[in-house]
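A short worksheet on the structure shown next.
All ligand and atom numbering here is 1-based and tracks the order in the structure.
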Amino acid sequence: MPGHKPQAPFTLAIDIGGTGLKASVLDATGAMVADRVVVKTTYPCPPSKMIDDLAALVAPLPPADRVSAGFPGMVRNGLVLSAPHFVTLHGPGTTIDPGLVKQWAAFDLAGALAARLGKPTRVANDADIQGAAVVKGKGLELVITLGTGVGTAFFYDGRLLPHLEFAHHPFLKGDTYNEQIGDAARKEIGNQRWNKRVRKAVATFRALSFFDHCYIGGGNAKKIHGTLGSDVSMVDNAAGILGGIRLWDESHIAV
Ligand code: BGC
């Protein structure tokens, strides 16, 4: 931002994805103070490798006072409850390895990152973090992220509601949202049919929650054709990083 003098505290914001790992440093106003660094997620990816890969990714970034990380699975109190991509041998949708399931179960990701990076660290679900960056704080707002998996986060008057894992909830023909509108499905059926399914999914969420507004982000949001209604908007994928600062703002996310 030209003319903007970066203000402390600085937050190292990490967006952990099934396909890529991204990070940047944000100042107190949420402005990025360094270009985003990105690397592909490689498999198999046990927790120790994830920590090594993240440490290498963020090494060139300027120093920060604290760390926020968004994780593509269920997280509670910094512990990983589910890691749908990282329990697979070769990446999203491939064979699940019992050894990896064991290693990721209740893994203290916040503790491990804090120990490795030497800074206080908070970790939350990626859609929750992305959502915190985009909601306006008015009424019931739903944030859906369309990427490798399908993320969802509900906010009421700006406060995150307890996370519900819709990604693995049956949606059409016994298939889950992940299976019907995740990236593997889009690649398999093509953008046109995938668009139809996304419309159906948004209509289902509308009927389920009577959301006041729905935001759609994630790498595949740009593949949506036309409008999904005046109560639905597309948001920039950068929110996955920008929301990192909100993890430290108690009014948005309780961790
Ligand atoms: C996970 C969610 C996550 C979403 C987006 C799904 O596979 O189960 O927890 O938010 O992907 O990454």
Looking only at protein heavy atoms, which one is nearest to atom 9 (O) of ligand 1, and what is the separation? E165 OE2, 2.6 Å
Between [X] and ligand 1, find which residue part has any heavy-atom pair under 4.0 Å and reply side chain, backbone, both or neither.
X    : value
N178 : side chain
N125 : side chain
P72  : both

Which of the numbered atoms in ligand 1 are under 4.0 angstrom from any heavy atom belonging to P84? 1 (C), 7 (O), 8 (O)
So if I count the atoms of ligand 1 from 1 in the order they appear, which ones are less than 4.0 Å from some heavy atom of G151? 4 (C), 5 (C), 10 (O)
Under 3.5 Å, is there a donor-acceptor pair between the H90 and T95 side chains? no
Option nearest atom 12 (O) of ligand 1 (shortest heavy-atom distance, choices D126, V75, D15, L81):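 Looking at heavy atoms only, D126 sits closest to atom 12 (O) of ligand 1.
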Just wondering, more than 12 heavy atoms not from K200 lying within 6.0 Å of its NZ? no
Given N191, which partner from the list K196, H225, R186 fulfils the side-chain hydrogen bond (donor to acceptor under 3.5 Å, both in side chains) test?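 Output: one option passes, namely R186.
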Regarding ligand 1, does H168 bring an N or O atom to under 3.5 Å of one of the ligand's N or O atoms?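 Among all N and O atoms of H168, at least one is under 3.5 Å from an N or O of ligand 1.
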Which heavy-atom pair separates L228 from R206 by the least distance, and what is that distance?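 Result for this residue pair: O-NH2, 3.2 Å.
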